[in-house]
Amino acid sequence: MSAPALDPVRTPSGEISAARARRGGKQARTTPARFDTALGWSDRPGPAWALRILLCAIALAIFAAPFLTIFSGAFSTNPSGSSLSFLPHDSRLLNVRVAGERGIWDYFSNSLVIAGGGLLLQLAVSVLAAYALARHRFRGQALILTLFMLTMMLPEEVIAIPLSLVLGHVPVVGLDLKGTVWGVILPLGAWGFSVMLLTEFMKDIPTEIEEAARLDGVGELRMLWQVVLPLCKPALGVAGVLGFIMIWDQYLLPLIAAKDPTDYTVTVALSILRTDPEVGSGVVLAGAVIALVPSLVVYLLLQRSLVTGIAAGATKG
């Protein structure tokens, strides 16, 4: 006697259609639009599309107009301060040559030495301080972090006179740092923003990674150099870009630390050019372009790390 044949399980057509609809809806929801932004950008022409284009053009004009005016005036023979021009007239390098004759390149080299040395010292101090504050527990930890934060809370004008006296006669060692690059570099060695940024970033590193490294006999310096720092590259990029710009834009500190005009930086030299009656505004604008280039280059080189670090800080937790 043969066994009865079993009919195959059949799915009703309605269930198949519903399943396909669910899969299609899920796929439609997970597939991003071509222009998927927070502003709801759409690639379809229309009134909203035209309005967004207009707003973007206005914002671009507002932010780009000062830079275009600076570049236009720097390469124009006789720029006029009463008229706005985005294109240079009678374009020449005369203004750059006159600015060079006024010593702008010497001031520029002073700024490069101070910015490079100050940034290296600042990052070294920030990394060591942040590692101690984030990965270790000791008494007075909150007090030390508060002292670092005081470097951001006190305006430069408040500490200008005491700092000038200290630089003229450093306590204990009795050195006179005025007229040297160390008189500008050393006060910039500790910046509260970099310490706070790196401290908060290092706190999020899992302790399991550190414990596994210690089981392999890794010491403190090797732990910092080979384990912690590679995980902090985004934060280091943010600290590097903002630290360089902060040091490069210093005005009051190079002024009080100098003994001679040859010790000035390019930011101080711009004010000297501005008060010089023998040069015009075009020379001052040429000096401004020269002073603008290093900050722009540093930003372009480290913009990926800057964006990654800011995004990591925004999504933390």
Side-chain angles (χ1 to χ4, degrees), residues 111-154 156 177 181-250 253 294-295 297-317:
S111 295
L112 285 180
V113 172
I114 291 173
L119 182 61
L120 290 177
L121 178 62
Q122 188 178 104
L123 289 178
V125 172
S126 299
V127 165
L128 294 175
Y131 179 73
L133 292 171
R135 312 304 296 183
H136 297 276
R137 295 292 179 267
F138 53 89
R139 291 185 178 181
Q141 191 172 13
L143 177 61
I144 294 176
L145 186 58
T146 302
L147 292 177
F148 277 111
M149 295 302 298
L150 286 177
T151 61
M152 299 175 57
M153 299 177 184
L154 295 177
E156 293 182 352
L177 296 180
V181 294
W182 295 107
V184 185
I185 291 177
L186 290 180
L188 299 172
W191 190 30
F193 176 81
S194 298
V195 175
M196 180 184 65
L197 174 69
L198 292 172
T199 299
E200 295 301 320
F201 207 91
M202 289 182 184
K203 284 182 179 179
D204 290 340
I205 298 177
T207 56
E208 291 79 5
I209 298 177
E210 184 176 351
E211 291 173 356
R214 292 193 185 279
L215 290 177
D216 293 335
V218 176
E220 291 292 341
L221 292 179
R222 189 180 173 188
M223 175 77 69
L224 174 62
W225 183 256
Q226 296 185 355
V227 178
V228 176
L229 281 185
L231 298 175
C232 296
K233 286 183 179 179
L236 289 173
V238 176
V241 172
L242 298 183
F244 180 87
I245 294 175
M246 185 273 289
I247 297 173
W248 185 265
D249 292 340
Q250 285 292 319
L253 180 58
S295 298
V297 170
V298 169
Y299 172 75
L300 292 177
L301 292 177
L302 298 177
Q303 62 174 338
R304 184 180 297 273
S305 298
L306 179 63
V307 174
T308 305
I310 293 176
T315 59
K316 185 177 65 174

Closest non-hydrogen atom pair, L123 against G240 = CD2-N, 4.3 Å
Atom CG in L197, atom CG in L236: separation rounded to 0.5 Å?
-> 8.5 Å
Nearest heavy atoms of A134 and K203, plus distance in Å = CB-CG, 3.8 Å
State, yes or no, whether a side-chain contact exists between I185 and L121 at a heavy-atom distance under 4.5 Å.
-> yes
Test R135 against T207 for side-chain contact (heavy atoms from CB on, under 4.5 Å), laying out the working first.
-> CA-CA 9 Å; R135 312 304 296 183; T207 56; 4.1 Å; yes
Determine, step by step, whether V218 and Q226 satisfy the side-chain contact (heavy atoms from CB on, under 4.5 Å) criterion, reporting the C-alpha distance in whole Å, the side-chain angles of both residues, the deciding distance to 0.1 Å, and the verdict.
-> CA-CA 9 Å; V218 176; Q226 296 185 355; 5.9 Å; no
Check: L242 and W191 side chains under 4.5 Å, non-hydrogen atoms = yes
So do F148 and S194 actually touch side chain to side chain, heavy atoms under 4.5 Å?
-> no
With rounding to the nearest 0.5 Å, note down the distance linking CD1 in I245 to CG in D249.
-> 7.0 Å
Side-chain heavy atoms of L224 within contact of L128, under 4.5 Å = yes
Which residues satisfy the side chain to side chain donor-acceptor pair (under 3.5 Å) test with E220, sequence neighbours excluded?
-> Y131, H136, R214
Enter the distance from M149:CE to I144:CD1 here, rounded to the nearest 0.5 Å.
-> 14.5 Å
Could you label the plane-to-plane angle of the W248 and F244 rings as parallel, tilted or perpendicular, counting under 30° as parallel and over 60° as perpendicular?
-> parallel
Show the numbers, then the answer: is there a side-chain contact (heavy atoms from CB on, under 4.5 Å) between L188 and Q250?
-> CA-CA 10 Å; L188 299 172; Q250 285 292 319; 4.0 Å; yes
For A132 against F138, the heavy-atom pair lying closest together | O-CE2, 3.5 Å
Taking all heavy atoms of C232 and all of M202, pick out the closest pair and write down the distance.
-> SG-CG, 3.7 Å
L133 vs Q141 side-chain heavy atoms within contact, under 4.5 Å = yes
side-chain contact (heavy atoms from CB on, under 4.5 Å) assessment of L119 paired with I247 = CA-CA 7 Å; L119 182 61; I247 297 173; 4.3 Å; yes
Is there a side-chain contact between L231 and I209 (heavy atoms, below 4.5 Å)?
-> yes
Smallest separation among heavy atoms of V184 and L253, with atom names | O-CD2, 3.5 Å
Should we count CG of L221 as having more than 12 external heavy atoms under 6.0 Å?
-> no
If every non-hydrogen atom of Q122 is compared with every non-hydrogen atom of G243, which pair is closest and at what distance?
-> OE1-CA, 3.5 Å
Any side-chain heavy atom of I205 sitting closer than 4.5 Å to one from E210?
-> no
Heavy atoms of other groups near R139 CZ, more than 12 under 6.0 Å = no
